[in-house]
**Q** 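Got a structure here, written out as structure tokens. Questions coming.
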There are 4 protein chains.
Amino acid sequence: MGRKKVLTKCEIFEVTKNILKEEGLHGVHFKNISEKLEVGRSTLYEYFSNKDDLLLAYMQNLMKEMNDKVNGIEDDLPPNEKLYHLLLILLEHSQLHQIDQMIRDVQSSNKHAADFYREQLHADLMHTYSLMTNWIEEAKDQRIWKTTIDSSLIGDLMFHSILFPNRDRLGVETMARQLFEMIEKGMVNRSVN
Amino acid sequence: MGRKKVLTKCEIFEVTKNILKEEGLHGVHFKNISEKLEVGRSTLYEYFSNKDDLLLAYMQNLMKEMNDKVNGIEDDLPPNEKLYHLLLILLEHSQLHQIDQMIRDVQSSNKHAADFYREQLHADLMHTYSLMTNWIEEAKDQRIWKTTIDSSLIGDLMFHSILFPNRDRLGVETMARQLFEMIEKGMVNRSVN
Amino acid sequence: MGRKKVLTKCEIFEVTKNILKEEGLHGVHFKNISEKLEVGRSTLYEYFSNKDDLLLAYMQNLMKEMNDKVNGIEDDLPPNEKLYHLLLILLEHSQLHQIDQMIRDVQSSNKHAADFYREQLHADLMHTYSLMTNWIEEAKDQRIWKTTIDSSLIGDLMFHSILFPNRDRLGVETMARQLFEMIEKGMVNRSVN
Amino acid sequence: MGRKKVLTKCEIFEVTKNILKEEGLHGVHFKNISEKLEVGRSTLYEYFSNKDDLLLAYMQNLMKEMNDKVNGIEDDLPPNEKLYHLLLILLEHSQLHQIDQMIRDVQSSNKHAADFYREQLHADLMHTYSLMTNWIEEAKDQRIWKTTIDSSLIGDLMFHSILFPNRDRLGVETMARQLFEMIEKGMVNRSVN
DNA sequence: GATGAATGAGTATTCATTCAT
DNA sequence: GATGAATGAATACTCATTCAT
């Protein structure tokens, strides 16, 4: 009695996600997680050996989820369409923006594990990043996109667009559409002359 | 009379800037600041009555510097050129990106002062933001830019571009130029058809 | 489940009482409390969220104890006898004398709780005070006591008698008896003339 | 320009007195003293080698002032009249009530001096105390006062009456008169029967 | 003398983590 | 497993005091 015996990592991730959204990376404490789950604080240690483990695992989980979707993008689409889908997926996983800070912050006591996870996280992130860059290059090679603009700059733009506060106001779909239109066509009003 | 000063607020800001860059907002402690400056920790309290005061003052200082430059933009330039200048100035003040988080985090004990500074910071920030949005609207009104894309989305993009890691690699000038070209003309390769 | 408790709020109150007696209100620190209890300093925070909470809780506890006894005084006794009982109870709760200073000093971070407790403390104190004053007035109304002497002056006297250092030497009972005799009959030697 | 060159111990005592009244013993800091005097904090060290020195000197000064008045009481008055005068003088020097706490608190680094002053303070205090007790005994010996009530209890009462909050409301004279009437004649209403 | 600057020692508080049941 | 209890390490902050000019 008390609480249901089954506490799952999934539930912990869910709560973590909410706290992360509401209070940011440094607002995540085992204290508030356990309170929200109505579980003893130390119970969390049965699931994660320390705080950083939890965060890393959470991020990795998120990353995996996202990577699965990314890998689901049909490979034979034109590169700019693939990039549009990628942008949409990124916007749907806005929590990712903390990953960068986390990779720096995390200083687990269990150095080995932490470093391992950290590197893997970084690798996962880089995977998406380079996928994106590749597709941009592809678009350039196929003469769909111009070559005068640095590919990784576009990459940065797409990746950081998850931070735009207006995402919530516009909605993910609209934002993706408009942003992609701007990326491709630019702001200049061609209907005029 | 009195001992010679070995420390200035300016030096403290300098160190703060570096720590902020290297370790993020939550990496700033009076401990590491004082260590880097090779002064006693309590000495810092002679300059700022607490940590939040320091951070707020730092941000305000930065903000003022930036606002001065922004206000120096000639008013009778076409809106898109003004926006280009604004983008350049933003990129030169990339530390600003923590301002948002700070405004939330900071809860100084000296409530009065803190609230005052916080509001002023926010006002300063909004000033720049709305200037930017106004110019975007102006560009739309003058039919220079198209109206199909949300103005604040462009605002977000410009503001968040200070976060792009490739800024350091490309250099501020190049990045501004390329980014602005993309914003205006888009990626589509028109030389082809 | 869970480790066995080695510490109770009661024990903390006990130690607090001793420190309060020996070193006064400002001699109370979590450091010396924890040392006397031979527990880690932070352990105390599991019981009271901060120092002021502890002090307020301590005082409230004391107050409650005393009020219970005060309320046990039979209402249909003559007012002067009721006052005698009250004096006795006050003398048995001499730690109360710090309450006044505390009510001023305490500025808990948990403003809400602190203000609430503070007000309640003050209310409890006033309750006793006004009970005392009422009984004095009653004694005057019933012509048992003379009216030429300010009632609250007697109140002050009774309340502050808990501070008399000779309380320890004489013992509470003796002191109460003698003091009350003096209050009622005065020092003048009537057996002479 | 700046401040008048002459800062006197007297001015420092004056400010100390006010702070002591408004904020209590632990509200006295060199910081606020120097601020109220519009003097540099370290300047105070030209006058007193440390905080405790200041407090001890202040108390001693007060004590001396009071003792002078006490010694001015004509020796050939009846003991109860002498006690009345003493009570009046005590009430006029209510700041004395902190002396007790101070004697405990003060832990100067200059142990020698501190102990010396402390002892002297204590001696001065005891002088008055024993003078008071002597006169009470005298009153008993002369059959003016009854012997059934402990002399030092009356001493405590008179000494602690300086703490009664109603002192401010009633005024020193009235309070002394009423209190002394009660001490001598008691509260019992003799005009009745 | 006077004072601005610097500092050390002490306390409060938070939180991840370990331990015993 | 689950959990309540205990704790150490780290940081914020205050204030008396010393030092150099």
**Q** If I take atom CZ in residue D:Arg41 and atom P in nucleotide E:dA6, what distance separates them, rounded to the nearest angstrom?
**A** 13 Å
**Q** Does E:dT14 have OP1 or OP2 under 4.0 Å away from a side-chain N or O of A:His29?
**A** no
**Q** 5'-most contact on DNA chain F: C:Val39 or A:Ser42, nearest heavy atom basis?
**A** A:Ser42
**Q** When rounded to the nearest 0.5 angstrom, what distance separates NE2 in C:His122 from CZ in C:Arg118?
**A** 10.0 Å
**Q** Is a side-chain N or O of C:Asn32 found less than 3.5 angstrom from the main chain of C:His29, in a donor-acceptor match?
**A** yes
**Q** Does the side chain of A:Thr43 get closer than 4.0 angstrom to OP1 or OP2 of F:dT3 through an N or O atom?
**A** yes
**Q** On DNA chain E, check which nucleotide each of C:Lys4 and B:Tyr47 is closest to and give me the residue with the more 5' one.
**A** B:Tyr47
**Q** Below 6.0 angstrom between ring centroids: does that apply to B:Tyr45 and B:Phe30?
**A** yes
**Q** F:dC13 P sits how many Å from C:Lys51 NZ, rounded?
**A** 17 Å
**Q** Reading DNA chain E from 5' onward, which residue's closest nucleotide shows up sooner: C:Lys31 or D:Tyr45?
**A** D:Tyr45
**Q** When the distance from CG of C:Leu54 to P of E:dA12 is rounded to whole Å, what number comes out?
**A** 11 Å
**Q** Restricting to salt bridge (charged side-chain N to carboxylate O under 4.0 Å, His left out), what partner residues turn up for A:Glu22, sequence neighbours left out?
**A** A:Lys36
**Q** Is there a donor-acceptor pair under 3.5 Å between the side chain of C:Gln98 and the backbone N or O of C:Leu20?
**A** yes
**Q** If I compare all heavy atoms of C:Val6 with all of C:Glu11, which pair ends up nearest, and what's the gap?
**A** O-OE1, 3.4 Å
**Q** Considering only heavy atoms from C-beta outward, does the side chain of B:Leu44 approach that of B:Leu54 to under 4.5 Å?
**A** no
**Q** Can you check the C:Ile12 CD1 to F:dA5 C1' distance for me, whole Å?
**A** 12 Å
**Q** Rounded to the nearest Å, what distance is computed from the CZ atom of residue C:Phe48 to the P atom of nucleotide E:dT13?
**A** 13 Å
**Q** Nearest-Å distance, CG (B:Leu44) to P (F:dC15)?
**A** 17 Å
**Q** Could you tell me whether A:Phe30 contacts a base, only the sugar-phosphate backbone, or nothing, with contacts defined as non-hydrogen atoms closer than 4.0 Å?
**A** sugar-phosphate
**Q** Would you sketch DNA chain F in dot-bracket for me? Only Watson-Crick or G-U wobble pairs with both distances under 3.5 Å count, crossing pairs as [ ], other-strand pairs as |, the rest as dots.
**A** .||||||||||||||||||||
**Q** How long is the line joining CD of D:Glu46 and C1' of E:dG4, in whole Å?
**A** 13 Å
**Q** Whole angstroms only, please: what is the NZ-P distance between C:Lys9 and F:dG4?
**A** 16 Å
